[in-house]
Amino acid sequence: MQIYLDYSATTPPRPEAISLMQQILTQQWGNPSSLHEWGQRSATVLEQARMQVAGLINAPADGIIFTSGGTEADNLAIMGVARCYSQPQHIIISSVEHSAISEPAKLLENSGWEITRLPVDNLGWVNPNDLQNALRSNTVLVSIIYGQSEVGTLQPIAELSEIARSHGVLFHTDAVQVAGRLPIDVQKLGVDLLSLSSHKIYGPQGAGALYVRPGVELVPLLGGGGQEMKLRSGTQAVPIIAGFGVAAELAAQEMSQETPRLIRLRDRLFDLLSHVENLQSTGHPWQRLPHHLSFCLPNADGEKLSGKTIVRQLNLAGIGISAGAACNSGKLNPSPILLAMGYSDRAAKAGIRLTLGRYTTEEDVDWTAMVLQQVLQRLTPEPVLSKV
């Protein structure tokens with residue numbers, strides 16, 4: 001039995017996206033910047049995809065800037081705003097951002113910019129009052145992740161963006177994990193910038209998008225031919241972007257049925273694992289991504305029983321999940337997300353994530369719960385199952 005439960009890492013491209021990509025690779029392969037018929041056929045495909053992606057988040061089509069993925073979209077948001085200023089200013093992020101935000105912020109900090117990292121509570125939630133108190137006269141951007149990829153917590157983006165907007169500060173959110181799983185309306189959220197990724201919504205890898213509210217100025221990261229409204233130079237990957245577009249359109253159509261199904265499966269798996277001793281759920285219990293479960297073993301010996309150990313054991317059983325802690329140069333480093341949430345180093349080395357998707361069944365969930373309990377029982381010195 002093969003069970004894939006790592007849909008937050010990537011999703012399998014849906015057949016409709018693959019079919020369209022094959023068609024474009026063989027029939028509509030022109031450069032969309034070319035004025036002749038071949039180029040204009042590709043330009044039409046590109047603009048169709050732009051409208052499809054815009055429709056997923058209720059944005060104007062000319063507000064969609066295609067990138068190589070969510071990471072580039074995040075970098076364009078952070079660095080694109082920063083490059084508008086000749087002198088270092090102040091940016092606010094959360095302490096649980098994806099590295100595609102936290103790493104550019106570090107680079108700016110090393111260049112003299114002031115970076116405030118808002119704390120989170122033990123559920124990974126940002127308090128809007130903390131944002132209110134952190135704003136300064138020289139704050140130029142706030143970037144708060146919408147749905148945290150490791151622990152699943154959803155942030156109150158509409159409330160946070162309103163605080164930023166009331167001070168005349170731009171607001172960006174990384175919505176890579178939320179798009180296609182929960183409805184997004186950039187008008188209601190009030191955001192100025194929002195990042196998306198194709199391969200998180202059953203599109204191909206290699207495409208993403210940054211929504212840029214009309215009137216927001218960015219300085220591009222790349223010099224070149226001025227494609228994508230002069231914000232992202234380089235010939236667009238038309239087949240991949242087309243696959244992104246059709247995946248976005250289908251995600252929007254299917255969300256009303258798929259999201260409740262995922263929530264039911266997620267909650268079923270939570271219930272099946274709720275009686276496992278020493279397995280503690282992480283993130284917000286209900287303000288969380290609909291497909292997302294995360295846990296840690298707070299009393300585990302991180303050197304002997306880590307999240308990566310559990311991942312490897314489940315992989316041997318044909319089940320794919322992921323871990324939060326990173327291993328560099330042979331040394332296991334605790335998850336910075338769990339550390340920011342107040343977990344100990346030991347617990348932060350023993351975090352795991354299970355994420356469900358459109359091919360996950362109830363049988364998959366039941367089998368995974370049984371196997372995970374058996375793995376923990378075998379790896380943990382003391383019994384991990386309750387008396388029930």
Side-chain angles (χ1 to χ4, degrees), residues 8-11 49-50 52-83 91-94 96-105 107-108 126 141-150 153-155 157-158 160-161 164 170-214 216-222 228-229 231-232 236-237 240-241 244-245 247-248 251-252 289:
S8 275
T10 197
T11 58
R50 201 181 306 279
Q52 290 169 316
V53 172
L56 181 62
I57 60 173
N58 192 31
D62 60 1
I64 299 297
I65 307 301
F66 286 120
T67 67
S68 63
T71 292
E72 187 187 345
D74 282 346
N75 274 257
L76 179 56
I78 297 292
M79 304 303 287
V81 170
R83 290 184 177 192
I91 289 177
I92 299 172
I93 65 174
S94 81
V96 291
E97 293 299 311
H98 189 278
S99 56
I101 292 294
S102 61
E103 289 301 315
L107 290 175
L108 288 174
V126 172
L141 178 67
V142 175
S143 181
I144 307 293
I145 193 167
Y146 197 165
Q148 214 294 318
S149 59
E150 187 176 330
T153 298
L154 295 168
Q155 302 295 347
I157 295 301
L160 295 169
S161 70
L170 294 176
F171 190 94
H172 166 259
T173 187
D174 178 338
V176 162
Q177 294 293 338
V178 178
R181 296 180 173 117
L182 292 171
I184 294 177
D185 185 329
V186 294
Q187 314 302 328
K188 293 180 180 178
L189 287 178
V191 298
D192 301 290
L193 302 154
L194 181 144
S195 299
L196 302 169
S197 175
S198 166
H199 75 103
K200 307 297 187 181
I201 60 170
Y202 307 95
Q205 297 171 358
L210 179 67
Y211 160 70
V212 182
R213 181 177 60 78
V216 172
E217 293 187 9
L218 300 176
V219 174
L221 305 182
L222 304 174
E228 292 303 300
M229 291 66 156
L231 288 178
R232 204 279 182 178
Q236 296 94 334
I240 294 175
I241 290 171
F244 182 15
L289 293 163

Checklist entry - Can Val126 and Leu160 be said to form a side-chain contact (heavy atoms from CB on, under 4.5 Å), step by step? => result CA-CA 9 Å; Val126 172; Leu160 295 169; 4.3 Å; yes

Checklist entry - Is it true that a side-chain atom of Glu103 and a backbone atom of Ser99 form a donor plus acceptor pair closer than 3.5 Å? => result no

Checklist entry - How many angstroms lie between CG in Leu218 and CG in Leu210, if you round to the nearest 0.5 Å? => result 6.5 Å

Next on the checklist: Can you give me the closest heavy-atom contact between Ala179 and Ile201, atom names plus distance?
Outcome noted: O-CG2, 3.2 Å

Checklist entry - Do Lys200 side-chain atoms and Ala9 backbone N/O form a donor-acceptor pair below 3.5 Å? => result yes

Checklist entry - Can Gln177 and Ser8 be counted as having a side-chain donor-acceptor contact under 3.5 angstrom? => result yes

Next on the checklist: With a 4.0 Å cut-off on N to O distance, would you call Glu217 and Arg83 a salt bridge?
Outcome noted: no

Checklist entry - Is there a donor-acceptor pair closer than 3.5 Å between any side-chain N or O of Thr173 and the backbone N or O of Tyr146? => result yes

Checklist entry - Where is the tightest heavy-atom contact between Ala73 and Ala209, given as atom of each residue plus distance? => result CB-O, 3.5 Å

Item to check | Residue pair Leu196, Val176: steps toward the side-chain contact (heavy atoms from CB on, under 4.5 Å) verdict | outcome: CA-CA 5 Å; Leu196 302 169; Val176 162; 5.6 Å; no

Item to check | Donor-acceptor contact below 3.5 Å, side chain Glu97 vs main chain Ile145 | outcome: yes

Checklist entry - Which is it for Arg50 and Phe66 under the side-chain contact (heavy atoms from CB on, under 4.5 Å) test, yes or no, and what are the steps along the way? => result CA-CA 8 Å; Arg50 201 181 306 279; Phe66 286 120; 3.7 Å; yes

Item to check | CD1-CG distance between Ile93 and Leu141, expressed to the nearest 0.5 angstrom | outcome: 10.0 Å

Checklist entry - Below 4.5 Å, heavy atoms only, C-beta onward: do Arg232 and Pro220 meet side chain to side chain? => result no

Next on the checklist: Quick check for you: to the nearest 0.5 Å, what is the distance between Asp74 atom CG and Met79 atom CE?
Outcome noted: 12.5 Å

Item to check | Nearest heavy atoms of Ala61 and Ala54, plus distance in Å | outcome: CA-CB, 3.8 Å

Item to check | Side chains of Gln155 and Ser94, donor plus acceptor under 3.5 Å | outcome: no

Checklist entry - Can you tell me how far the CD1 atom of Ile57 sits from the CD1 atom of Ile64, to the nearest 0.5 Å? => result 4.0 Å

Item to check | Heavy-atom closest pair, residues Ala248 and Leu56 | outcome: O-CD1, 3.7 Å

Checklist entry - Side chains of Ile157 and Val191: does their closest heavy-atom pair fall under 4.5 Å? => result yes

Item to check | Ile240 versus Ala207, closest heavy-atom pair with distance | outcome: CG2-CB, 3.4 Å

Checklist outcome for this item: Taken to the nearest 0.5 Å, the spacing of Asp192 CG from His172 NE2 works out to 10.5 Å

Next on the checklist: Ignoring hydrogens, what is the shortest heavy-atom contact between Pro104 and Ile78? Give both atom names and the distance.
Outcome noted: CB-CG2, 4.1 Å

Checklist entry - So, Thr11 and His199: side-chain donor and acceptor under 3.5 Å apart, yes or no? => result no

Checklist entry - Quick check: does any side chain N or O of Arg213 sit under 3.5 Å from a backbone N or O of Leu193, one acting as donor and the other as acceptor? => result no

Checklist entry - Do Ser197 and Glu72 come within less than 4.5 Å of each other through their side chains, counting heavy atoms only? => result no

Next on the checklist: Do Leu194 and Asp174 have side chains that approach each other closer than 4.5 Å (heavy atoms only, starting at C-beta)?
Outcome noted: no

Next on the checklist: Donor-acceptor pair, distance only, cut-off 3.5 Å: does the side chain of Glu228 make one with the backbone of Thr67?
Outcome noted: no

Checklist entry - Going through the checks in order, is the side-chain contact (heavy atoms from CB on, under 4.5 Å) test met by Leu221 and Asn75? => result CA-CA 8 Å; Leu221 305 182; Asn75 274 257; 4.0 Å; yes

Checklist entry - Roughly how far, to the nearest 0.5 Å, is the CD1 atom of Ile144 from the CZ atom of Phe171? => result 5.5 Å

